[in-house]
Amino acid sequence: QVQLVESGGGSVQAGGSLRLSCAASGDTYSMYCMGWFRQAPGKERERVAAIESDVSGSYVYSVKGRFTISKDNANNTLYLQMNSLKPEDTAMYYCAADPPKRAYGGRLYCGGAFGYWGQGTQVTVSS
C-alpha cells in the first residue's frame, strides 16, 4: 500500500511558477513508477509527466520545456516544477504511483498504469 499526499497548488498569474510536492509513504517498491496527472473541468484526465525510479522523466507535449518532474528517493517525495504557466494549465493535479513490472531477464520497467492516487491539489492560472 502507498499513501500519497499532494501539496503546493495555488493561484498564479500566467507566466508564473509553482512547485507541486507529493509526499509518499508505505511500500517503497510501489513508488518505483510515479507520475503527475491533471484533470480540468469537463475534460479527461491527462498524464502530465512520469518518472521511473529516479531516471529522467517523460512529458506530455504541451508541458515540455516548462515542467520538470523529479523524485527524492531518500525522502519519498515527488515534485513537479511548473514554470511559464498558462491558463490552460489550470486543473486539479494528482500524484500517482505503481510498482514496476519485471521484463524477461529481470529488468524493471513501468507499465504505464497507476494503482495509487492522491487526493489532488488545485492549480489555477489566470491570464
Side-chain angles (χ1 to χ4, degrees):
Q1 291 287 330
V2 176
Q3 294 76 44
L4 303 171
V5 179
E6 302 96 334
S7 61
S11 297
V12 295
Q13 290 192 326
S17 298
L18 283 174
R19 188 193 195 199
L20 304 184
S21 299
C22 172
S25 59
D27 175 24
T28 54
Y29 187 70
S30 294
M31 303 172 196
Y32 186 92
C33 309
M34 297 193 76
W36 287 99
F37 289 72
R38 66 186 179 188
Q39 188 166 20
K43 294 188 176 181
E44 292 188 355
R45 187 173 62 192
E46 173 184 52
R47 191 177 86 170
V48 176
I51 190 166
E52 181 174 322
S53 186
D54 56 357
V55 177
S56 60
S58 60
Y59 303 88
V60 67
Y61 180 80
S62 60
V63 308
K64 279 185 178 180
R66 300 188 298 122
F67 291 11
T68 302
I69 188 171
S70 62
K71 191 178 174 192
D72 181 349
N73 284 324
N75 293 305
N76 295 330
T77 304
L78 182 73
Y79 300 99
L80 184 68
Q81 178 66 44
M82 305 186 295
N83 299 327
S84 301
L85 282 161
K86 304 176 180 180
E88 51 263 43
D89 295 318
T90 295
M92 184 71 79
Y93 283 71
Y94 298 92
C95 172
D98 207 66
K101 301 183 183 302
R102 189 176 294 275
Y104 182 77
R107 183 181 67 83
L108 298 178
Y109 70 98
C110 297
F114 293 87
Y116 300 101
W117 294 84
Q119 293 299 307
T121 185
Q122 177 68 38
V123 171
T124 303
V125 185
S126 58
S127 58

Task: Point-to-point distance, once rounded to the nearest 0.5 Å, from OG1 of T77 to CE of M31 - done: 9.0 Å
TODO: Would you indicate whether the side-chain heavy atoms of R66 and K86 approach each other to under 4.5 Å?
DONE: yes
Task: W117-F37 aromatic ring centre distance below 6.0 Å - done: yes
Open item on the list: As an exercise, state the distance from OG of S70 to CG of L78, rounded to the nearest 0.5 Å.
Closed with: 7.0 Å
I'd like a table of donor-acceptor pairs (distance under 3.5 Å, sequence neighbours excluded) in which one partner is a side-chain atom from residues 99-113, with atom names and distances.
residue : atom : partner : partner atom : Å
R102    : NH1  : G106    : O            : 3.0

TODO: Would you give the length of the straight line joining atom OG of S58 to atom CZ of R47, rounded to the nearest 0.5 angstrom?
DONE: 4.5 Å
Open item on the list: Just so I know, are the side chains of T68 and L80 near enough to count as touching, which here means a heavy-atom distance under 4.5 Å?
Closed with: no
TODO: State the CG-CZ distance between L4 and F114, to the nearest 0.5 angstrom.
DONE: 10.5 Å
Open item on the list: Please report the interatomic distance CZ(F67) to OG(S62), rounded to the nearest 0.5 Å.
Closed with: 7.5 Å
Task: Exam field: side chain D98 to backbone G115, donor-acceptor pair closer than 3.5 Å - done: yes
Task: K71 and M34, any side-chain heavy atoms less than 4.5 Å apart - done: yes
Task: Main-chain N/O of D72 paired to N75 side chain as donor or acceptor, under 3.5 Å - done: no
- [ ] Would you give the length of the straight line joining atom CE of M92 to atom CD of Q119, rounded to the nearest 0.5 angstrom?
- [x] 9.5 Å
Open item on the list: Please tell me whether I69 and V60 are part of a single hydrophobic cluster in this structure, the criterion being side-chain heavy atoms less than 4.5 Å apart.
Closed with: yes
TODO: Flag the pair D89 / R38 as yes when at least one side-chain heavy-atom distance between them is below 4.5 Å, and no otherwise.
DONE: yes
- [ ] Look at the side chain of E6 and the backbone N and O of C95, then say whether any donor-acceptor pair between them is shorter than 3.5 Å.
- [x] yes
Task: Cluster link Y32 to Y94, ILVMFWY, side chain under 4.5 Å - done: no
Can you give the donor-acceptor pairs under 3.5 Å from side chains of residues 11-25 to other protein atoms, not counting sequence neighbours?
residue : atom : partner : partner atom : Å
S17     : OG   : N83     : OD1          : 2.9
S25     : OG   : Q3      : OE1          : 3.4

Open item on the list: Is it the case that the side chain of T90 and the backbone of T124 share a donor-acceptor pair, with hydrogens and angles ignored and the cut-off at 3.5 Å?
Closed with: no
